[in-house]
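Below is one structure, written out as structure tokens; the observations come after it.
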There are 2 protein chains.
Amino acid sequence: MKIVTTIEEIKKEIDLKKKEGKTIGFVPTMGYLHEGHLSLVERAKQENDVTVMSVFVNPLQFGPNEDYQTYPRDIKRDEELARQKGVDLFFAPTKEEMYPEEPAVTVKVTKRVDVLCGKSRPGHFDGVATVLTKLFHIITPDRAYFGLKDAQQVAVVTALIKDLNFPIEIVPVETVREEDGLAKSSRNVRLDEQERKEAVHLYQSLLMAKEMVENKVHDQEAIIEKMRAYITEKTSGEIDYIDILTYPDLKKPNALTGKIIVAIAVKFKHARLIDNIIIDLT
Amino acid sequence: MKIVTTIEEIKKEIDLKKKEGKTIGFVPTMGYLHEGHLSLVERAKQENDVTVMSVFVNPLQFGPNEDYQTYPRDIKRDEELARQKGVDLFFAPTKEEMYPEEPAVTVKVTKRVDVLCGKSRPGHFDGVATVLTKLFHIITPDRAYFGLKDAQQVAVVTALIKDLNFPIEIVPVETVREEDGLAKSSRNVRLDEQERKEAVHLYQSLLMAKEMVENKVHDQEAIIEKMRAYITEKTSGEIDYIDILTYPDLKKPNALTGKIIVAIAVKFKHARLIDNIIIDLT
């Protein structure tokens with residue numbers, strides 16, 4: 001595995017691979033890798049000749065009161081995990097390399113963002129779309145891999161690709177879970193022992209919702225209320241949102257048909273966790 | 001010359017050329033071609049194996065009270081001129097092809113836009129940057145050609161390429177002028193006979209400014225005032241702006257050093273004309 005920190009060098013490496021006619025699979029991450037990320041690498045390796053991973057904690061997608069400074073980082077461990085998993089090119093640029101000055105041009109997302117996590121993170125997805133646009137131009141992948149744990153991000157990236165005609169295929173990959181069902185996340189390490197035990201109930205509440213939907217419960221508010229009561233009873237966390245939306249448009253469904261997403265975010269004392277389940281009712 | 005109207009087909013054509021190892025030069029236009037555009041084609045042909053021209057009047061870059069509906073169009077004449085000049089691929093998509101629905105993701109320009117034409121056209125350069133991003137992703141050119149008549153556009157596109165890391169070289173091309181010095185423009189046809197005679201004074205006023213700058217006149221306001229008096233005396237037009245700025249940053253210069261631009265916009269009864277001159281004082 002080649003470790004690269006400058007844009008010039010990664011472009012040179014990619015260029016060499018392209019000249020050999022190789023296809024490029026790309027896994028963009030903010031590092032502190034877990035099995036979720038590694039499942040993206042696995043998938044990328046199956047479908048492409050060369051797998052590129054980026055590790056970059058993107059300041060543009062953090063709000064002023066968010067955890068940019070304290071977002072967990074461990075680049076040496078990331079390198080080791082990526083190497084073990086078979087990443088070919090590991091791109092870890094500095095903030096200065098990616099943003100040598102305040103950008104004059106950015107990408108703006110105006111739909112699919114005023115719900116779920118986007119609602120309480122104004123500008124977050126603008127930052128995500130901007131850094132991905134930059135990375136897509138630098139890496140020029142054939143396919144890019146995103147975990148469905150952040151389903152809203154997948155929905156936004158799908159719109160980014162479509163609306164701006166990127167010549168890239170987006171591959172959404174199923175959420176990887178701990179044995180008890182907790183979705184893998186870089187932020188899980190912050191949970192204390194008690195919170196870690198409670199955290200399993202996010203997924204449990206989603207399975208409960210899925211069962212209700214599949215049993216033809218049509219009252220969306222009733223489903224949300226039942227989840228709310230369950231989380232309140234079973235955890236010490238504060239519910240940020242529980243929502244049922246169409247997928248990937250992320251609009252309020254008139255009826256529970258087509259593809260829908262049930263999504264939840266809960267603030268624990270030491271970390272805010274998200275999870276979701278997409279139910280195909282077509 | 002191949003005429004193509006769908007994104008799918010132009011991508012297929014480009015793909016074939018790329019597989020043969022050919023370089024792609026791209027001339028994006030809004031049509032109603034004149035010698036200015038054709039000079040871009042000429043330059044593109046010199047520097048690339050394949051020259052692609054797009055003709056698309058982009059609704060996104062027109063304000064609600066601007067001339068989107070009445071912007072001059074003559075696609076048959078454009079095709080003929082492009083063919084004569086040696087364009088290889090002529091891409092003329094419909095509005096529906098480029099914007100099948102209201103986009104959720106667009107490109108936003110926050111610097112270099114609150115001066116010159118951008119000042120009175122809020123959102124104009126967002127529209128320009130968005131359509132160019134789409135076209136760049138569809139055409140994937142090695143080089144893209146822009147006329148310096150719209151120097152602010154060149155400055156914005158330069159920032160677009162740099163800030164979003166497009167793997168494309170921008171080639172700015174000198175303004176082509178009529179024999180009397182009037183910058184070629186699609187809107188010139190709207191001038192009546194008297195206005196057409198007066199229009200020459202835009203360039204004359206710029207040459208006057210250039211001479212003053214080269215003769216070490218340092219008082220920017222004095223230069224602007226002299227131009228203003230000249231235009232007012234010699235034309236029936238209403239001055240929209242006369243400005244002296246750094247180039248390509250488009251900031252107020254502390255002193256007349258480095259690269260500077262003198263730019264002018266004058267509203268005649270039937271058309272608003274712009275022109276500029278870039279003076280290299282390095």
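In this text, all values refer to a predicted model and were calculated from it rather than measured experimentally. Just so it is clear: chains get the letters A, B, ... in the order the sequence lines come, proteins before strands, and each one is counted from 1.
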Among the options A/Leu164, A/Val107, A/Val109, A/Ile138, pick out the one with the most heavy-atom pairs lying under 4.5 Å from chain B. A/Leu164

Answer with side chain, backbone, both or neither: which region of A/Ile168 has an atom nearer than 4.5 Å to a non-hydrogen atom of chain B? neither

Greatest number of heavy atom pairs closer than 4.5 Å to chain A - which of [options]:
| options | value |
| --- | --- |
| B/Glu101, B/Lys11, B/Lys108, B/Met98 | B/Lys108 |
| B/Val113, B/Thr133, B/Val131 | B/Thr133 |
| B/Thr106, B/Val105, B/Ile7 | B/Val105 |

Examine whether an atom of B/Glu102 lies under 4.5 Å from a heavy atom of chain A, and if so say whether it belongs to the side chain, the backbone or both; otherwise answer neither.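 Looking at B/Glu102, backbone and side chain both touch chain A.
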
Give the intermediate values and the outcome of salt bridge (charged side-chain N to carboxylate O under 4.0 Å, His left out) for residues A/Asp243 and A/Lys252. CA-CA 9 Å; A/Asp243 236 329; A/Lys252 283 269 167 217; 2.9 Å; yes

Using side chain to side chain contact (heavy atoms under 4.5 Å, CB included), reason through A/Ile14 and A/Phe26 one step at a time and then give a plain yes or no. CA-CA 11 Å; A/Ile14 302 273; A/Phe26 178 41; over 6 Å; no

Under a 4.0 Å N-O cut-off, is there an ion pair linking A/Arg112 with A/Asp249? yes

Does the side chain of B/Val55 come within less than 4.5 Å of B/Thr29's, by heavy atoms?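 Side chain of B/Thr29 against side chain of B/Val55, heavy atoms only: contact under 4.5 Å found.
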
Measure the shortest side-chain to side-chain distance between A/Leu135 and A/Phe91 over non-hydrogen atoms and say whether it is less than 4.5 angstrom. yes

